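One-based numbering, in listed order, for ligands and for the atoms of each. On a predicted model such as this, the values are computed, not experimentally measured, just so you know.
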Amino acid sequence: MQKMWQGRFSEASSELLEAFNASIEFDKELYAQDIAGSKAHAKMLGKCKIIEDEAVNKILEGLDQVKSEIENGEFKFNIADEDIHMAVEKRLSQIIGAEFGGKLHTARSRNDQVALDFRLFVLEANLDLAKLLLNLIKTLNSIAKEHKSTLMPGFTHLQHAQPVSLAYHLLAYAFMFSRDYDRLISSHKRNNLSPLGSCAMAGTPHPIDREMVANELGFNGITPNAMDSVSDRDFALELLFNLSVVFTHTSRLCEELILWSSSEFGYIAISDKFSTGSSIMPQKKNPDVAELIRGKTGRIYGNLISLLTTMKSLPLAYNKDMQEDKECVFDSVKNAKNSLIILNAMIEEIKFNKENMLKATKIGHLSATDLADYLVKQKQIPFRQAHFITGKCVALAESLGKDLSELSLNELQSVEPNISADVLELLTLESSKEARKSLGGTSDYSVDIQLELIDKFIKSQEI
Ligand code: ARG
């Protein structure tokens with residue numbers, strides 16, 4: 001089959017080359033962006049009197065037909081067409097005739113065309129993913145509002161540390177996801193510039209209007225340097241990095257959900273709708289969704305490393321290596337969208353077992369820091385010494401098979417005679433949580449401020 005670039009060749013392509021070189025099997029994903037870009041380009045060529053109005057009208061109608069053929073499944077994708085850009089253009093010329101179709105590629109190269117299509121795809125993905133993150137933040141926020149007084153152990157080193165509220169723990173994730181959201185939006189803003197009109201790498205002698213094309217396609221402006229514009233894939237790298245951070249966060253959350261749903265913890269029950277069974281052990285209920293999301297982190301990180309490595313050391317400007325930019329991005333976007341959708345749906349249906357959480361807070365002497373703080377504040381004992389005395393009290397509780405919060409005044413005084421009755425109410429888990437009124441702390445007062453921040457964050461997003 002005759003290639004669009006056949007002119008200077010005397011021999012036909014090897015079939016091996018055709019199969020190896022073609023990207024059509026995956027870049028057909030970009031058909032809508034390609035056609036939108038071509039329509040904007042054709043209108044601009046008409047307005048700038050580079051091609052005549054008749055050609056513009058035919059091109060626009062023809063492109064609409066190509067689009068509906070693709071969407072109806074009638075379009076025949078052929079590996080010999082190499083990529084989506086040439087496949088669309090070739091079909092256009094079949095529909096409207098080469099005398100008109102052949103004018104579309106004036107003042108354009110596949111280099112700026114692919115840079116445009118891919119950028120449009122990535123920009124849209126940024127917004128779609130940000131919306132999904134926002135849904136997750138809303139879900140976490142509304143569950144948090146119901147659990148300000150649900151006590152659970154806070155952990156360090158996966159060891160019981162201090163009592164916190166479930167609201168507080170969930171808010172930690174809401175704040176992580178709000179930063180992820182901001183990163184996607186900021187990347188969208190930074191990259192919202194049209195590269196079209198950069199042509200092969202050095203611009204064009206035709207009197208084009210790049211701003212018109214940018215406006216038509218909803219960009220905020222145009223990229224300033226053609227050489228950079230056809231060879232830059234930062235916008236895609238940013239997305240892959242941003243998704244890597246998202247998956248760092250989702251995999252931590254999923255890891256906790258997996259732990260919390262185990263018999264050892266028993267803090268949550270994941271709905272049957274989002275659990276799976278075992279083919280051999282009839283009693284099993286497995287948290288596959290959370291595990292799969294945690295597992296997908298591998299490919300999400302891998303995709304970032306893949307594109308970073310592809311782009312490294314490429315001489316300016318376009319190189320065919322860059323055709324390798326798409327599959328990793330498509331894969332990350334698809335998996336991130338699916339993961340965020342199902343994670344949100346699963347979390348909405350989680351049942352929290354408050355009793356088990358409360359029981360767990362009574363293991364591990366979680367109010368020990370409060371006793372030390374009491375000795376410092378009320379008895380003017382230096383912190384180091386207070387820490388030592390508290391350690392003795394913990395040892396006593398251990399020997400009696402009790403939690404520190406369950407020791408009587410007499411027992412406490414047997415370690416430190418200075419301790420008075422006012423300590424008892426301070427040692428309850430509830431007052432330990434409530435004592436932490438510092439900004440960012442776990443008391444209701446501090447958590448209300450955090451809830452308000454997330455509420456404001458949610459309200460201020462208009463995408
Ligand atoms: N399929 C190519 C890609 O994805 C399109 C650009 C080809 N440009 C070229 N000069 N061969 O990168």
### Task
In plain terms, say whether E216 and K39 are close enough for a salt bridge, that is, a side-chain N and a carboxylate O under 4.0 Å apart.
no
### Task
May I ask you to say whether D448 pairs ionically with K148, meaning some side-chain N is under 4.0 Å from a carboxylate O?
yes
#### Entry: Which of the ligand 1 atoms, numbered from 1, are nearer than 4.0 Å to a heavy atom of S23
1 (N)
### Query
Taking NZ, NE, NH1 and NH2 as the nitrogens, is one of them in K326 or E29 under 4.0 Å from a carboxylate oxygen of the other?
no
### Heavy-atom nearest neighbour in the protein, as seen from atom 11 (N) of ligand 1, with distance rounded to 0.1 Å
R110 NH2, 3.5 Å
### Message
Does anything in residues 43-80 form a ring pair (Phe, Tyr, Trp, His ring centres under 6.0 Å)? List the pairs, not counting sequence neighbours.
### Response
F75-F77
#### Entry: Enumerated ligand 1 atoms positioned under 4.0 Å from heavy atoms of D83
1 (N), 2 (C), 5 (C)
### Query
Is the shortest distance from a heavy atom of E82 to ligand 1 less than 4.0 Å?
no
### Query
For K320, is at least one N or O under 3.5 Å away from an N or O on ligand 1?
no
### Summary
atom 1 (N) of ligand 1: closest protein heavy atom, distance to 0.1 Å, is Q323 OE1, 2.8 Å
### Close-contact set for ligand 1 against K326 heavy atoms, below 4.0 Å
3 (C), 4 (O), 12 (O)
### Task
Please determine if E82 and R110 form a salt bridge, counting it only when a charged side-chain N lies under 4.0 Å from a carboxylate O.
yes
### Query
Using the ring of each side chain (for Trp, its six-membered ring), is F118 parallel, tilted or perpendicular to F235, with breaks at 30° and 60°?
perpendicular
### Query
Which residue holds the protein heavy atom closest to atom 3 (C) of ligand 1, what is that atom called, and what is the gap in Å?
Y318 OH, 3.2 Å
#### Entry: With sequence neighbours excluded, residues passing side chain to side chain contact (heavy atoms under 4.5 Å, CB included) with Q283
M281
### Query
Counting each atom of ligand 1 from 1 as listed, which ones have a heavy atom of N111 under 4.0 Å away?
8 (N), 9 (C), 10 (N)
